Amino acid sequence: MRIAIVGATGEVGRMMLKKLEEENIPAEVIDLYASSRSVGKKFTFKDKTLEVAELREDSFDKGYDYVLFSAGASISRHYSPIAAEKGALVIDNSSAFRSDAEIPLVVPEINGFLVKGYKGIIANPNCSTIQMVLSLSGIYRRYGVKTIVVSTYQAVSGAGNKGVAELEKQEAGEIVSTVFIRQIHRNVVPVIGDLLETGFSTEEMKMVNETRKIFGDDSISVWPTTVRVPVAHGHSESIFVETIEPFTLDGLKSEIEHSQNVVYSEDHLTPLEVAGSDLVYVSRLRTFDSSRFLFWNIADNIRVGAATNAVRIMKAHMGGA
């Protein structure tokens, strides 16, 4: 098997390489690509040293089975179709293709059936969307979901290496804000992404549109507020849900506990406890009545919200190709 990672030096790209090793993916070739300024950087995969090459249009002439992209929407829009035309199954972590009706948006535990025998480009959802729909997957199937109100508390690593670096600089006393619209150290920033005419941000609308697309249900009403917090790794979400069918508290717990790659806990978990995990953690589950409930939802955004989901897509395709 021949695999390439585009954007290999970024937070997610490096984690993609690590996940391929952790999952013991049987790759004969793994090539790493990035911009010209990263050429020559070296990474270790098992007992091999891999050197980053410059991404070019002819890079995919080598013939890859899978190409994992995490280099931003503009790069993906240009290069992903080229890789797909050369025969690779492309898994793209950017926002470039998520809203394209012809391209599947996949969380394998929910709609992995879409990848069987698929050729072309598959979109990896937004990090906050992935962890939310995973926790709601069993509940959606059993009770249906009418309304979701979600407030996110998103780590600076969601903005990549530069987001982590800005927090670290500010912690050291260099209070300059170039990545985030306000100082992030000892602060929270109530906007992620660009603001639209509606007052919602692009990050918030991702959660609306992607949730509906993943579940295949445009009737779900999603009301998000996305917030950046001074945490390095781990997104947190406070989620209110209104179901279609009545539930019991024990029924909710059972569906969460039996959802794939989701853990229910009675502890008050925080991002520090879940960093480095490939699971989503649900706690503080509480109900208003038999149709409305709240819970706390956290996961490692670089793993669960990006690299791990991408590799799970690849494994699902390998198993059903």
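One-based numbering along the sequence shown. These numbers were taken from a predicted model, which means no experiment stands behind them.
Other residues, nucleotides and ligands place no more than 12 heavy atoms under 6.0 Å from the CZ atom of Arg284. Heavy-atom neighbours of Lys119 NZ from other residues, nucleotides or ligands within 6.0 Å: at or below the threshold of 12.
There is no side-chain donor-acceptor pair under 3.5 Å between Asn124 and Arg312. Side chains of Asn126 and Glu203: a donor-acceptor N/O pair is present below 3.5 angstrom, by distance only. For the residue pair Ser151/Glu237, the side-chain donor-acceptor check at 3.5 Å is not satisfied. Checking Asp250 against Thr248 by side-chain atom types alone, no donor-acceptor pair falls below 3.5 Å. A donor-acceptor contact under 3.5 angstrom links the side chains of Glu273 and Thr270, judged on distance only.
The shortest non-hydrogen separation linking Ile103 to Tyr118 is CA-OH, 4.2 Å. Between Glu57 and Ile82, the shortest heavy-atom contact is O-CG2, 3.6 Å.
Using a 4.0 Å cut-off between a side-chain N of Lys or Arg and a carboxylate O of Asp or Glu, Glu245 and Lys146 do not qualify as a salt bridge. Using a 4.0 Å cut-off between charged nitrogen and carboxylate oxygen, Lys213 and Glu210 do not count as a salt-bridge pair. Taking the charged nitrogens against the carboxylate oxygens, Arg303 and Asp278 do have a contact shorter than 4.0 Å, which makes a salt bridge. Taking a cutoff of 4.0 Å between a charged side-chain nitrogen and a carboxylate oxygen, Glu51 and Lys41 do not qualify as a salt bridge. We find that Glu242 and Arg292 are not joined by a salt bridge, their nearest charged nitrogen and carboxylate oxygen being 4.0 Å or further apart. Using a cutoff of 4.0 Å between basic side-chain nitrogens and carboxylate oxygens, Glu257 and Lys253 are not scored as salt-bridged.
Asp65 contributes no side-chain N or O that, together with a main-chain N or O of Ile3, makes up a donor-acceptor pair within less than 3.5 Å. In this structure, Glu204 contributes its side chain and Thr226 its backbone to a donor-acceptor pair below 3.5 Å. Between the Lys62 side chain and the Ser59 main chain, no donor and acceptor come within less than 3.5 Å of each other. When atom types are taken as modelled, the side chain of Asn209 and the backbone of Met205 share a donor-acceptor pair closer than 3.5 angstrom. Between the side chain of Glu21 and the backbone N or O of Lys46 there is at least one donor-acceptor pair closer than 3.5 Å. Using a distance-only test at 3.5 Å, with no hydrogens or angles considered, no donor-acceptor pair links the side chain of Ser201 to the main chain of Asp194. Here the side chain of Thr211 pairs no donor or acceptor atom with the backbone of Val208 at under 3.5 angstrom.
Identified under the salt bridge (charged side-chain N to carboxylate O under 4.0 Å, His left out) test for residues 66-95, with sequence neighbours left out: Asp61-Lys86.
Atom CG of Leu50 is separated from atom CG of Asp31 by 8.0 Å, given to the nearest 0.5 angstrom.
The aromatic rings of Tyr33 and Phe60 sit tilted, their planes meeting at an angle between 30° and 60°. Classification of the Trp296-Tyr153 ring pair by plane angle, with boundaries at 30° and 60°, yields tilted.
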Contacts table for residues 177-191: side-chain donor-acceptor under 3.5 angstrom, sequence neighbours left out:
from   : atom 1 : to     : atom 2 : distance (Å)
Ser177 : OG     : Gln170 : NE2    : 3.3
Ser177 : OG     : Gln183 : N      : 3.2
Thr178 : OG1    : Glu166 : OE1    : 3.0
Gln183 : NE2    : His185 : O      : 2.7
Asn187 : ND2    : Gln183 : O      : 2.8

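Using a 4.5 Å heavy-atom threshold, the side chains of Asp218 and Arg212 count as touching. Counting only heavy atoms from C-beta outward, the side chains of Glu255 and Tyr143 approach each other to under 4.5 Å. Residues Asn301 and Ile130 fail the side-chain proximity criterion, which asks for heavy atoms closer than 4.5 Å. Counting heavy atoms from C-beta outward, Val282 and Val263 have side chains that stay 4.5 Å or more apart.
Phe293 and Phe288 have their aromatic ring centers separated by at least 6.0 angstrom.
For Ser135, the side-chain hydrogen bond (donor to acceptor under 3.5 Å, both in side chains) partners are Asn297, not counting sequence neighbours. Not counting sequence neighbours, the partners of Tyr140 by the ring-ring contact (aromatic ring centres under 6.0 Å, His included) test are Phe215. Residues satisfying the side-chain hydrogen bond (donor to acceptor under 3.5 Å, both in side chains) test with Thr44, not counting sequence neighbours, are none.
Paired with Tyr281 under the rule side chain to side chain contact (heavy atoms under 4.5 Å, CB included), one option of Asp300, Ile298, Val262 passes, and it is Ile298.
The same ILVMFWY cluster, assembled from side-chain heavy atoms under 4.5 Å apart, contains both Leu294 and Ile139. There is no path of hydrophobic side-chain contacts, each under 4.5 Å, that joins Ile256 to Leu269. Note on Met16: it does not cluster hydrophobically with Val304, by side-chain heavy-atom contacts below 4.5 Å among ILVMFWY residues. No single ILVMFWY cluster, assembled from side-chain heavy atoms under 4.5 Å apart, contains both Ile192 and Ile302. Criterion: ILVMFWY side-chain heavy atoms under 4.5 Å apart, direct or through other members. Under it, Leu252 and Ile244 are not part of a common hydrophobic cluster.
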From CA spacing to verdict: salt bridge (charged side-chain N to carboxylate O under 4.0 Å, His left out), Glu23, Lys315: CA-CA 9 Å; Glu23 296 292 330; Lys315 289 181 68 179; 2.7 Å; yes

Step-by-step side-chain hydrogen bond (donor to acceptor under 3.5 Å, both in side chains) determination, Asn93 to Arg98: CA-CA 9 Å; Asn93 191 57; Arg98 292 173 184 161; 4.7 Å; no

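Other residues sharing the hydrophobic cluster of Ile175, ordered by chain and number and joined by side-chain separations under 4.5 Å: none, the residue standing alone.
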